[in-house]
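Inspection log for the structure reproduced underneath, given as structure tokens.
Just follow the structure's listing: the first ligand is 1, and inside any ligand the first atom is 1. What you see is a predicted model, and the numbers here were worked out from it, not measured in a lab. Residues take their numbers from the sequence shown, with the count starting at 1.
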Amino acid sequence: MVKSFSDRLKCVSHPKAQELINIILRKKSNLCFSADVTESQKLLELVDKVGPHICLLKTHIDIVSDFTPDLVTELRKLAKKYDFLIFEDRKFADLGNTVQKQFSEGIYKISSWADFINAHVVVGPGIITGLKNVAHNQGLILIAQMSAAGNLCHQAYIKEALMMAEDNRSFVCGFICTESVTSDESFLNFVPGVNFSSSGDGLGQQFVSPSQAVQKGADVIIVGRGIYQSSNPAATAKEYKELAYTAYLNLLESE
Ligand code: 5BU
């Protein structure tokens, strides 16, 4: 049985996940915008347009060619102005000792500005402990499945990801997945590979529509090119937002 976001608030314990659900309810948006552009100015302009329609902004901060710390200061200002959180899609995948440096040091200092981060589970639970040691209230999203064709996230792998999440509930708040991977509603499902006008990109990405993603269990849909390659990103983001939220409301009604 699908629980409403309001009901989910009662079982979701991670403060960042609760904050995200409150934003989803306030803005009637479960849309995450993946702003995969490589210039700071372009990134800020896009986020300024799309901001009113999203609950979450996903960044790949290491693809920005002209990165300076001012960029994250400006992104945080936009997050406050438009009421969204920020998820740095760094996909940590190394030893605990290494990822804690990648998370808090280097030029990006991700732990000082991101609300959510994610990690591959191939390393085993040490990666979670390492990240947790240097976290500043971030929520960790574990990559249980990927949207790419031919990925190696088989059933046994997904099961291990679930167990690691269950063992680390104070830090892990959900999964990157392509469908619901658990009936435990205290975890949020973040689903990438969503696009209503394309089925793939010739490089492995496999797209589903916003309503398909929600029907398969997405709490939050992640959309990149569908929005930033459109001729009117604000209008297109609004469309994705409405399609995904309507699909969520329909799902509740059909219960
Ligand atoms: P797209 O332009 O909508 O394909 O962008 C999808 C984004 O989500 C992009 O930043 C990917 O790196 C990210 N992603 C994904 O597409 N599939 C996955 O399994 C994971 C991340 Br994990």
Short list, please: which atoms of ligand 1 are under 4.0 Å from a heavy atom of [X]?
X: D36; value: 5 (O), 7 (C), 9 (C), 10 (O)
X: S34; value: 7 (C), 9 (C), 10 (O)
X: D89; value: 12 (O), 13 (C), 21 (C)
X: I176; value: 22 (Br)
X: R225; value: 1 (P), 2 (O), 3 (O), 4 (O)

Side-chain donor/acceptor of E105 to backbone N/O of Q102, under 3.5 Å:
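It does not hold such a pair.
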
Just by distance, do the side chain of N168 and the backbone of M164 share a donor-acceptor pair under 3.5 Å?
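Confirmed, N168 side chain pairs with M164 backbone.
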
Between Q145 and ligand 1, is there a nitrogen or oxygen pair with a distance under 3.5 Å?
no

How close does the nearest protein non-hydrogen atom get to [atom], and which residue and atom is it?
atom: atom 17 (N) of ligand 1; value: S147 OG, 2.7 Å
atom: atom 14 (N) of ligand 1; value: P192 CB, 3.8 Å
atom: atom 11 (C) of ligand 1; value: H60 NE2, 4.0 Å
atom: atom 20 (C) of ligand 1; value: K91 CE, 3.7 Å
atom: atom 3 (O) of ligand 1; value: G224 N, 2.9 Å

Going by the angle between their ring planes, with limits at 30° and 60°, are Y245 and F5 parallel, tilted or perpendicular?
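Rings of Y245 and F5: parallel, as their planes differ by under 30°.
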
Under 30°, 30 to 60°, or over 60°: which ring-plane class applies to F87 and F116, parallel, tilted or perpendicular?
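Perpendicular: the ring planes of F87 and F116 meet at over 60°.
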
Report yes or no: does K58 have a heavy atom closer than 4.0 Å to ligand 1?
yes

Under a heavy-atom criterion of less than 4.0 Å, does N195 contact ligand 1?
no

Ignoring hydrogens and geometry beyond distance, is a side-chain donor-acceptor pair present between D48 and Y82 at under 3.5 Å?
yes

Given salt bridge (charged side-chain N to carboxylate O under 4.0 Å, His left out), test R225 with D201 step by step and report yes or no.
CA-CA 10 Å; R225 284 164 287 186; D201 65 358; 3.0 Å; yes

At under 4.0 Å between heavy atoms, what of Q205 touches ligand 1? The answer is side chain

Quick check: F84 with F33 (ring centres under 6.0 Å apart)?
no

As a test of understanding, state which of F190, Y157, F187 forms a ring pair (Phe, Tyr, Trp, His ring centres under 6.0 Å) with F175.
F187

NZ of K159: more than 12 outside heavy atoms within 6.0 angstrom?
no

